[in-house]
There are 2 protein chains.
Amino acid sequence: MAARNNTPSDISDALRSAGLQVTAQRLAVYRAVRDKPHAMADEISDCVRSELGTVSRQAVYDALNVMSEHELIRRIQPAGSAARFEDRVDNHHHLICRVCQSLVDIDCAIGKAPCLIADDDHGYLIDEAEVIYWGTCPGCQQD
Amino acid sequence: MAARNNTPSDISDALRSAGLQVTAQRLAVYRAVRDKPHAMADEISDCVRSELGTVSRQAVYDALNVMSEHELIRRIQPAGSAARFEDRVDNHHHLICRVCQSLVDIDCAIGKAPCLIADDDHGYLIDEAEVIYWGTCPGCQQD
DNA sequence: AACCAATTCTGGACTGTGTCAAGAATTGCT
DNA sequence: AGCAATTCTTGACACAGTCCAGAATTGGTT
């Protein structure tokens, strides 16, 4: 039975090959991030707690931080909102409703990663272009 | 003597035509935003305080919020940082150093406002595409 | 010039997100 | 098994921003 995508052992392997120890808390946090796309830290906490019984806030924050540093998950932090997390780490962007804060994924509008091109880089070494589309979702347009 | 760009009376006019009352606090906040590009709320506070003597935090926040709602100024809120403000309200983007958090303006890479084009809008009514380029500034590249 | 209603400012308490620090527990290697 | 390094727990703390009630200011009216 070959390990399928996102099975526990896959997550363990990913953690190990990133040089991180494998702990129940981290596995549970990763699973929570995968199951609740774009969830915020406290939602992750609740989810993990219902799985493990009890987890400290610090353990959750640590897991989220260390995993996003090692690019196992990705952190999104739109203006006026707490940080959110997702397990997609490929190049894509986000579309957020100004009214209800709902958030959906959007594939890169142009292609692979040409969004990195800036007119004048001011000498900076650019490594990422983050794009957030703001608008009104279908549900909130009816008002 | 024609009023030049950004003279006090211009700011007053802008406030009035947005339907806002003109107060010393708001004028000072606007001037602080103009003079210290990309400053955070507490820097604005300090600056305004040194001009008016004493101002409440609430007055500063209220002025910043109401003026950015009416698009007299623009609020930027990059991940992991408090809100910043600037008086440029035309279409442009930002480039931030991951190390020292320095922030510079970048003109829209493509043109007027075609950044609004998303592959699939999911039914959302998109009104803005916010682009943040992340990288390392010249000074921080030397380490 | 003075008045009045609406708006705005003050001052203080409060919320929510996230971090710091010290000791206990767990992990992974030999 | 045993040991060093890493990670988790608990509780205190820092910071940005908001809420509230009362005082002060603004700008239109008479």
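The chains referred to below are lettered A, B, ... by the order of the sequence lines, with proteins before strands, and numbering in each begins at 1.
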Donor-acceptor pair, side chain of A/Arg75 and main chain of A/Ala83, under 3.5 angstrom
no
Sub-3.5 Å donor-acceptor pair from the side chain of A/Asp62 to the main-chain atoms of A/Gln58, do we have one?
no
Check this for me, if you would: do B/Asp127 and A/Arg98 make a salt bridge, where the nitrogen-to-carboxylate-oxygen distance has to be below 4.0 angstrom?
yes
Base versus backbone protein contacts along nucleotides 15-21 of chain D [heavy-atom cut-off under 4.0 Å; B, S, -]
-SBBB--
Answer yes or no: is there a donor N or O on one side and an acceptor on the other, between the side chain of A/Gln77 and the main chain of B/Gly80, under 3.5 Å?
yes
Its 5'-most and 3'-most nucleotides having an atom under 4.0 Å from a non-hydrogen atom of chain A, DNA chain C is contacted over C/dT17 to C/dG28
Are any side-chain N or O atoms of A/Gln141 and backbone N or O atoms of B/Gly123, one a donor and one an acceptor, separated by less than 3.5 Å?
yes
Interatomic distance where CG belongs to A/Asp62 and P belongs to D/dA5 [whole Å]
19 Å
Report the end-to-end axis angle of the helix from C/dA1-D/dT30 to C/dT30-D/dA1; each axis comes from five terminal pairs, and the value is rounded to 10°.
30°
Could you tell me which residues satisfy side-chain hydrogen bond (donor to acceptor under 3.5 Å, both in side chains) with A/Glu43, sequence neighbours excluded, listed by chain and number?
none
What pair of heavy atoms forms the shortest contact from B/Thr54 to B/Arg49, and how long is it?
CA-CG, 3.9 Å
Can you tell me the distance, in whole Å, between the CE atom of A/Met67 and the C1' atom of D/dC8?
14 Å
Looking at residues at least two apart in the chain, or sitting in another chain, which of them share a side chain to side chain contact (heavy atoms under 4.5 Å, CB included) with A/Asp105?
A/His38, A/Glu86, A/Arg88, A/His92, A/His94
Could you tell me whether the side chain of B/Ser56 and the main chain of B/Ala59 form a donor-acceptor pair under 3.5 Å?
yes
Residues A/Asp87 and A/Arg74 bridged, charged N to O under 4.0 Å
no
Identify the heavy atoms of A/Tyr30 and A/Ile11 that sit nearest to each other, and give their distance.
CD2-CD1, 3.4 Å
Minimum heavy-atom distance A/Ala129-A/His93, with the two atoms named:
O-CE1, 3.7 Å
Donor-acceptor check, side chain of B/Gln101 to backbone of B/Ile96, threshold 3.5 angstrom: yes or no?
no
Nucleotide N/O of nucleotides 1-4 of chain D paired with protein N/O under 3.5 Å:
none

Report the residue (A/Ala59 or B/Gln21) whose heavy-atom-nearest nucleotide on DNA chain D is the more 5′ of the two.
A/Ala59
To the nearest Å, how far apart are A/Arg26 CZ and D/dT9 P?
12 Å
Under 4.0 Å between any heavy atoms, over every strand shown, what does A/Ser56 touch: base, sugar-phosphate, or nothing? Just pick one.
base
